[in-house]
Number of protein chains: 4
Amino acid sequence: MDDIARKFHSEYVTDRDIAFFELGIKLAALFHISMGMPIQNDPDTLKIVARGLEKSISCQPFVKSVRVSLQYPHPEQPDQFTKRHEYDYSSINGQLLVGEIELEYGAWRLLGKVKWNDDLNYPLMTVERCTKIEG
Amino acid sequence: MDDIARKFHSEYVTDRDIAFFELGIKLAALFHISMGMPIQNDPDTLKIVARGLEKSISCQPFVKSVRVSLQYPHPEQPDQFTKRHEYDYSSINGQLLVGEIELEYGAWRLLGKVKWNDDLNYPLMTVERCTKIEG
Amino acid sequence: MDDIARKFHSEYVTDRDIAFFELGIKLAALFHISMGMPIQNDPDTLKIVARGLEKSISCQPFVKSVRVSLQYPHPEQPDQFTKRHEYDYSSINGQLLVGEIELEYGAWRLLGKVKWNDDLNYPLMTVERCTKIEG
Amino acid sequence: MDDIARKFHSEYVTDRDIAFFELGIKLAALFHISMGMPIQNDPDTLKIVARGLEKSISCQPFVKSVRVSLQYPHPEQPDQFTKRHEYDYSSINGQLLVGEIELEYGAWRLLGKVKWNDDLNYPLMTVERCTKIEG
């Protein structure tokens, strides 16, 4: 990895700092590009829309992998979705979106996650893992 | 088709009116859910992101089919994309997005399109076809 | 009004058709640019964010006026909002957004609305008024 | 400041790490909520849309201040904007958006920025300042 934009940051900023900064950028990008996208509760739609989001975020700098799933809160969803009427669909919101992003910057490898947190009633973004890559 | 929301429109509105109204909604939904999504100029990424957008808009009422393609303005794109540096990617804007949506409402079948128009310097949405389905 | 893009539509499309088409575009643009915007339940925030959305949609072709309000479902909101903790805020979704857009195309003046519909559990877009301007 | 979500992060994550993580989240949220919003090149529109974006991002956790401006690349913009035709407007993209966000987490106060970088042809997000608040 060679970061041609490294020089634009404040001189007091370390590689580790930038790794966390970049992870925040990616998780929020995933969250906000997906909000409001129409979806319906059939496995095929949920998978293909999630693949599009993964592929999109994978273009961003320093990203190693992205996993997205769109999970309806009620897991009793039938295998076969039948639309009851034309308005029987939903759109992506913070409750539905689950995403994991792995990123490397300098010697740092981070894993971040966005997932609805019921205690906070909030689509919480967290750092799940932070490891130093042996040189 | 049975529109359970038909009664919520003004009484002076015809099925044909609603067909055009709904087509506008779908084209603008496609446009605005896609703006700012990261993409890069490799065929695989462009296709998978486009499939996600198609599948998403296909959930909306009265939609019969959706075709999306993401077209870089310079067609000389190589078959094999090689990222030159970490920031060597783009994001969806009005120049790149081409979409076609087919919709049926009542006896009306419409085809709409969104595509960058060089004369107007504008991502123009147009009605390409308007036909009455024989009863 | 002079529509320099009129010629790009199918020849079978009338001014009235285009008026409904354009109204659909504007309502869906308003809806999708606002989804996911952070907001909190204090009158000042709700008003300033709504003004920004109104001003934005007012730039679009043929729009005469735009009114947006962001309405928390529980009207017992206090006049004075006090944040209980850092995560005590929300973001715009279909339940909160109420918008009205007035548009003129050719001899047609339309009023459209987007508002959450409890019966349908859906952010319904409707045509509220359709009048012909006397020449 | 008391972060009720602190416990959800990996135990190896420091306050400084979270400060950078949160700053990235906010800059990317600002970027992605604004992409595609219609605007036109008159000072009033640009200011009111920018105020809405500032007020929105100000709701997010740990944010101390937000400054947004929408800058057309050609500074020779007239004081008085006259729309030449109905399609004579634009929408927010990475070239136009300039944002600065100040954030505090634990003992750390950071200033981040998003601004188009001509060298990279990229809407670069940077950490401009990182200071420790004296206890």
Side-chain angles (χ1 to χ4, degrees), chain B residues 3-36 53 56-57 59-62 94 101 103 105 108-132, chain C residues 3-36 53 56-57 59-62 94 101 103 105 108-132:
Chain B
D3 181 8
I4 58 175
R6 182 70 173 87
K7 61 184 173 191
F8 296 110
H9 289 290
S10 157
E11 59 179 314
Y12 302 107
V13 168
T14 68
D15 276 9
R16 178 171 170 137
D17 293 338
I18 298 179
F20 281 88
F21 179 65
E22 291 288 336
L23 185 63
I25 292 172
K26 272 68 186 177
L27 285 169
L30 170 60
F31 184 82
H32 285 284
I33 65 170
S34 67
M35 288 301 101
L53 292 168
S56 173
I57 296 299
C59 301
Q60 291 202 310
F62 319 116
I101 298 175
L103 172 149
Y105 190 93
W108 298 96
R109 175 177 281 260
L110 303 183
L111 176 69
K113 190 170 189 171
V114 55
K115 190 177 196 302
W116 186 256
N117 183 298
D118 279 327
D119 296 345
L120 299 174
N121 201 35
Y122 190 82
L124 194 65
M125 297 178 191
T126 49
V127 181
E128 300 285 305
R129 212 166 51 220
C130 161
T131 52
K132 192 161 189 182
Chain C
D3 181 8
I4 58 175
R6 182 71 174 85
K7 63 184 171 191
F8 295 110
H9 289 290
S10 157
E11 59 179 315
Y12 302 107
V13 169
T14 67
D15 277 9
R16 178 172 169 133
D17 293 337
I18 298 178
F20 282 88
F21 181 64
E22 292 288 336
L23 185 64
I25 291 172
K26 272 68 186 178
L27 285 170
L30 170 60
F31 185 83
H32 285 284
I33 64 171
S34 67
M35 289 301 102
L53 292 168
S56 173
I57 295 299
C59 300
Q60 291 202 310
F62 318 115
I101 298 175
L103 173 149
Y105 190 92
W108 297 95
R109 176 177 279 260
L110 303 183
L111 175 69
K113 190 169 191 172
V114 55
K115 190 178 197 300
W116 186 257
N117 183 298
D118 280 326
D119 295 346
L120 299 174
N121 202 33
Y122 190 82
L124 194 66
M125 299 178 189
T126 50
V127 182
E128 300 284 306
R129 213 166 52 219
C130 162
T131 53
K132 192 161 191 182

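A, B, ... follow the sequence lines: proteins, then strands. Residue 1 opens every chain. As the structure is a computational prediction, the values presented were derived from the model and not from experiment.
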Subject >> Partner chain C: residue of Thr131(B), Leu111(B), Leu27(B), Asn117(B) with the largest heavy-atom pair count (under 4.5 Å) >> reply: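 Among Thr131(B), Leu111(B), Leu27(B), Asn117(B), the one with the most close pairs to chain C is Asn117(B).
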Subject >> Winner by heavy-atom pair count (cut-off under 4.5 Å) against chain C, out of Pro61(B), Gly24(B), Ala19(B), Cys130(B) >> reply: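 Answer, by heavy-atom pair count under 4.5 Å with chain C: Gly24(B).
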**OP:** Identify which part of Tyr122(C) has an atom lying under 4.5 Å from any heavy atom of chain B, answering side chain, backbone, both or neither.
**Re:**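 For Tyr122(C), the contact with chain B is made by the side chain alone.
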Subject >> Close side-chain approach of Met125(C) to Phe21(B), heavy-atom, < 4.5 Å >> reply: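 A side-chain contact under 4.5 Å exists here.
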Original post:
Is the closest side-chain heavy-atom distance between Phe31(C) and His32(B) below 4.5 Å?
Top reply: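 Sidechains of His32(B) and Phe31(C): no contact.
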Subject >> side chain to side chain contact (heavy atoms under 4.5 Å, CB included) partner of Phe20(C), chosen from Leu23(B), Asp17(B), Thr14(B), Ile18(B) >> reply: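 It is Asp17(B), the one option of Leu23(B), Asp17(B), Thr14(B), Ile18(B) that forms the side chain to side chain contact (heavy atoms under 4.5 Å, CB included) with Phe20(C).
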**OP:** Kindly compute the distance separating CD (Glu128(B)) from CZ (Phe8(C)), expressed to the nearest 0.5 Å.
**Re:**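 CZ of Phe8(C) is found 11.0 Å from CD of Glu128(B).
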Original post:
What closest approach, in Å, do Ala29(C) and Ala28(B) show between heavy atoms, and which atom pair accounts for it?
Top reply: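 Heavy atoms of Ala29(C) and Ala28(B) come nearest at N-CB, 4.0 Å.
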Original post:
In this structure, are over 12 heavy atoms from other groups packed under 6.0 Å from Arg129(C) atom CZ?
Top reply: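 Check fails, neighbour count at 12 or below.
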Original post:
Is His9(B) reaching over with its side chain to a backbone N or O of Thr126(C), donor-acceptor style, under 3.5 angstrom?
Top reply: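 No, because the side chain of His9(B) does not come within donor-acceptor range (under 3.5 Å) of the backbone of Thr126(C).
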**OP:** Could you have a look at Asp119(C), Leu110(C), Leu120(C) and say which one has the most heavy-atom pairs with chain B under 4.5 angstrom?
**Re:**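 Highest number of pairs under 4.5 Å: Leu120(C).
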